[in-house]
Amino acid sequence: MEITFYIAAFVAIISTAMVITQLNPVHALLYLIVSLLSVALIFFLLGAPFAAALEVLIYAGAIMVLFVFVVMMLNLGEKSIVQENRWLTPNMWIGPGILSFILLIELIYVLEKENSLLSSAGMVEPQQVGRALFGPYLLAAELAAMLLLAGLVGAYHLGRREQEEDPE
């Protein structure tokens, strides 16, 4: 179990470093998704499959949807379409694809050895997570939700078009 944990942690560190160093936002987003997937695998290895599922559904899924909303709201015109097509080259998938393949192989290995690997870690029930989120960590959950809402409102404000004034 330790070697799988270290491999997932290594993938998380590499992908997070790539998120920080990438200049292209689409490339950084792909590495961020790989980073979140590797953190989800770490949660799974530590005996928290519910937290792992939440990590994949909420963070990896929500961030992708938020990015799509931002791109749609910005609507910069024909110039941005050409730029997006330049960003989506096949070469950009190589790095995140390799890291994702490593995580997939590791996940298959862990699921095949599930009884022996996960029995050593204590399971965290969804009720325990719910009690923690709506108990001592309620303020942190509310702050995270407000931060995401502020990001959406800020993206909408930045992306809205100026209304043309009437010549009258």
Side-chain angles (χ1 to χ4, degrees), residues 1-75 87 92 95-111 113-114 117-160:
M1 179 166 165
E2 286 185 17
I3 189 69
T4 55
F5 174 82
Y6 287 123
I7 291 172
F10 179 75
V11 169
I13 290 171
I14 293 296
S15 58
T16 303
M18 295 302 286
V19 169
I20 296 169
T21 58
Q22 290 292 314
L23 297 177
N24 188 327
V26 175
H27 295 177
L29 178 71
L30 288 176
Y31 281 110
L32 179 63
I33 291 171
V34 172
S35 174
L36 293 172
L37 291 176
S38 61
V39 171
L41 184 59
I42 290 172
F43 279 137
F44 187 76
L45 289 172
L46 293 176
F50 182 68
L54 287 179
E55 179 84 16
V56 171
L57 292 176
I58 294 174
Y59 291 110
I63 287 175
M64 187 63 131
V65 169
L66 183 66
F67 184 78
V68 169
F69 278 143
V70 167
V71 168
M72 285 174 18
M73 284 190 288
L74 289 178
N75 194 15
W87 287 347
M92 69 177 271
I98 290 171
L99 293 176
S100 297
F101 184 72
I102 292 170
L103 289 176
L104 178 67
I105 295 297
E106 191 174 7
L107 182 64
I108 290 171
Y109 172 76
V110 168
L111 290 177
K113 303 283 183 185
E114 181 179 357
L117 290 175
L118 296 179
S119 62
S120 62
M123 295 292 288
V124 178
E125 299 292 324
Q127 291 175 342
Q128 293 172 324
V129 175
R131 286 187 183 130
L133 281 179
F134 292 104
Y137 300 110
L138 180 63
L139 182 63
E142 291 289 331
L143 287 175
M146 301 263 305
L147 184 64
L148 286 173
L149 181 63
L152 269 174
V153 172
Y156 175 75
H157 179 71
L158 290 174
R160 72 179 178 166

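Every heavy atom of this structure was used, including side-chain atoms; hydrogens, water molecules and symmetry mates were not.
Nearest heavy atom pair, residue Ser15 against residue Ser38, reads OG-OG, 4.4 Å. Across all non-hydrogen atoms, the minimal contact from Phe5 to Glu106 is N-OE2, 4.0 Å. When all heavy atoms are compared, the tightest approach of Leu111 to Phe44 is CD2-CZ, 3.7 Å.
Considering CD1 of Ile33 and CG of Leu36, their distance stands at 7.5 Å, rounded to 0.5 Å. Note that CD1 of Ile42 is 11.5 Å distant from CG of Leu37, once rounded to the nearest 0.5 Å. Distance check: Leu41 CG to Thr4 OG1 gives 7.0 Å after rounding to the nearest 0.5 Å. The CD1 atom of Ile20 sits 13.5 Å away from the OH atom of Tyr31 when rounded to the nearest 0.5 Å.
With contacts defined as side-chain heavy-atom distances shorter than 4.5 Å, the pair Ile3/Ile7 qualifies.
Side chain of Thr16 to backbone of Ile13: no donor-acceptor contact under 3.5 angstrom is found.
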Tabulate below the donor-acceptor pairs under 3.5 Å that side-chain atoms of residues 45-58 make, not counting sequence neighbours, or state none.
none

Could you pull out every donor-acceptor pair under 3.5 Å between side chains of residues 133-152 and any protein atom, sequence neighbours left out?
none

Would Leu30 and Val34 count as a side-chain contact (heavy atoms from CB on, under 4.5 Å) here? Give the steps.
CA-CA 6 Å; Leu30 288 176; Val34 172; 5.8 Å; no
